[in-house]
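Taking it in order: structure first as structure tokens, then the write-up.
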2 protein chains.
Amino acid sequence: MNSFTEENYLKAIYKLQEQSSEGVANSDLAKALGVQSASVTAMLKKMAQKKLINYEKSKGFRLTDKGKQIAVNIIRKHRLWEVFLVEKLGFGWDEVHEIAEQLEHIHSEALINRLDVYLGHPKADPHGDPIPNANGIFAKSKSILLSETEKGMQGKFVGVTDHSPSFLTYLDKVGLSLGDTISVKSIEDFDKTYTLQLKGKKEITVSNKVANSLLIAG
Amino acid sequence: MNSFTEENYLKAIYKLQEQSSEGVANSDLAKALGVQSASVTAMLKKMAQKKLINYEKSKGFRLTDKGKQIAVNIIRKHRLWEVFLVEKLGFGWDEVHEIAEQLEHIHSEALINRLDVYLGHPKADPHGDPIPNANGIFAKSKSILLSETEKGMQGKFVGVTDHSPSFLTYLDKVGLSLGDTISVKSIEDFDKTYTLQLKGKKEITVSNKVANSLLIAG
DNA sequence: ATCATAAATTAGATTAGTCTAATTTTTTAT
DNA sequence: ATAAAAAATTAGACTAATCTAATTTATGAT
């Protein structure tokens, strides 16, 4: 069995290697985990011995299949628990991350499979992030950033790339919820501010920074 | 915040001190936790410094109010999670203990309060053990062991004192479930075997060992 | 009351995960 | 190509929780 610490390393490595296709750097991992890089070096050695990562000094490293499988399973658990917290317990989408960070480390295959059934095999968590199935397969979704769309585009708000509570509560405040249909009314020339039409009636204006954190599907 | 280890010590001490009204012995705690008594000595020192227990060398020790409060809260969480696992996820009452041992250490007051609401403020876990409220107050229940009842007695099966999966699956097999109304048809003289009438129809015979693990309320 | 046994404590090690400070290796810029 | 900067590693120490072995303290039976 893997310790919480090891599981957190696996998860962090997975996320880093997904977004770069390169080997992961010690320093990036150290920053992601909030530890010193000396700690990372020590931990990587142990994880390499356990065949969780491929590791050569100063070369950048990647998860092995075994490491990846564990990492994906933790992400699966994290996201299923987030669905539970929002759908069943009524938490806001801005409140669930920290609790799910704890729940993701509960070890029980039976538990997570039953939870999955109980929740109706959800395909995405409350932030729109895909939930891998029990075999670790993610449903591929083809969404793009709102900031990459043009005037006149119409689509559905399906996810966020910024998961911070402050951003999420901002979206709540302006009345933007996952699943909403939106169209781009106009894009300000000088600062790329987006004016959006929501569900036929409400109209809102958001900064480019916001547009850059919203995922839209056709 | 308390570590898992510390929480497990608190819980174990609580259970030991409840069932004896005397100070708890180092050796009993060591046995309960499956560690050496040298480890217990070391841990008790730390916990005494944190004012979680009252501890004098070789004297037997007890939880302080602060320690007790934490211990009871862990028990509350354990039992609420057990209700969730059985009522919502469909686990058997013999399968939930180990998972709840992990879930009880999740730190979030909001989570446990919402879970409590979601479950409808249950008063007892799937084994009939009382669930303390958010203030740590247990509803007093006045049950007795079946082995202490006499022929002709009629009552309701409200709890078990043996929580082992083997005992619980045995009860499933003979068809005895929490809440069942039973009456004592006869008690064998030479070995105190009990013959019981269940819910008006089924009749079963159980050993005194079993009768000694079943709690009955008038 | 004293001697044997049981219980508790101390001393010293170990493992996991972390740290700081020093050093080495790698990368980048000129 | 080499110096400066950045990244990674090593060395050595710390904390939490555990262990074994040795010793001390308590208990209990004659």
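All values below were derived from every heavy atom in this structure, side-chain atoms included, with hydrogens, water molecules and symmetry-related copies excluded. Note on naming: letters A, B, ... go to the chains in the order of the sequence lines (proteins, then strands), and numbering restarts at 1 for each one.
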From [atom1] of [X] over to [atom2] of [N], roughly how many Å is that when rounded to an integer?
{"X": "Phe4(A)", "N": "dA17(D)", "atom1": "CZ", "atom2": "P", "result": "14 Å"}
{"X": "Gln49(B)", "N": "dA17(D)", "atom1": "CD", "atom2": "C1'", "result": "15 Å"}
{"X": "Glu6(B)", "N": "dT15(D)", "atom1": "CD", "atom2": "P", "result": "16 Å"}
{"X": "Leu33(A)", "N": "dC19(C)", "atom1": "CG", "atom2": "P", "result": "10 Å"}
{"X": "Gln36(A)", "N": "dG12(D)", "atom1": "CD", "atom2": "C1'", "result": "15 Å"}
{"X": "Phe61(A)", "N": "dT9(D)", "atom1": "CZ", "atom2": "C1'", "result": "13 Å"}
{"X": "Met43(A)", "N": "dT9(D)", "atom1": "CE", "atom2": "P", "result": "15 Å"}
{"X": "Leu44(B)", "N": "dT10(C)", "atom1": "CG", "atom2": "P", "result": "12 Å"}

Exercise for the section: Fit a plane to each ring of Phe84(B) and Trp81(B), take the angle between them on a 0 to 90° scale, and name the class: parallel (under 30°), tilted (30 to 60°) or perpendicular (over 60°). Expected result: perpendicular
Could you check which of [options] has an atom nearest any side-chain atom of [X]?
{"X": "Asn26(B)", "options": "dT20(C), dA8(C), dT10(C)", "result": "dA8(C)"}
{"X": "Thr41(A)", "options": "dT18(D), dA8(C), dT10(D)", "result": "dT10(D)"}
{"X": "Ser27(B)", "options": "dA7(C), dG17(C), dA17(D)", "result": "dA7(C)"}
{"X": "Ala38(B)", "options": "dT18(C), dA11(C), dT18(D)", "result": "dA11(C)"}
{"X": "Ser3(A)", "options": "dT20(C), dC19(D), dG17(C)", "result": "dG17(C)"}

Practice task
Tell me whether the OP1 or OP2 atom of dT9(C) has a side-chain N or O from Lys45(B) closer than 4.0 Å.
Solution key: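 Checking dT9(C) against Lys45(B), no side-chain N or O comes under 4.0 Å of OP1 or OP2.
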Practice task
Check whether any side-chain nitrogen or oxygen of Lys46(A) sits under 4.0 Å from OP1 or OP2 of dT15(C), and answer yes or no.
Solution key: no
Handout entry: Asn2(A)-His107(A) side chain donor-acceptor pair, cut-off 3.5 Å
Key =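 Note: Asn2(A) and His107(A) side chains miss the donor-acceptor criterion.
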Problem - Check: His127(A)/Glu82(A) side-chain N/O donor and acceptor closer than 3.5 Å - result: yes
What's [X] touching, base or sugar-phosphate or nothing? Going by heavy atoms closer than 4.0 Å.
{"X": "Ala25(B)", "answer": "sugar-phosphate"}
{"X": "Ser39(B)", "answer": "base"}
{"X": "Tyr9(A)", "answer": "sugar-phosphate"}

Practice task
Salt-bridge test for Glu101(B) and Lys11(B): reply yes if a basic N is under 4.0 Å from a carboxylate O, no otherwise.
Solution key: yes
Problem - Pair Asp162(A) + Lys209(A), salt bridge at N-O below 4.0 Å - result: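 Salt bridge absent between Asp162(A) and Lys209(A).
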Exercise for the section: Could you pick out which residue, Asp28(A) or Ser37(B), lies toward the 5' side of DNA chain D when each is mapped onto its nearest nucleotide? Expected result: Asp28(A)
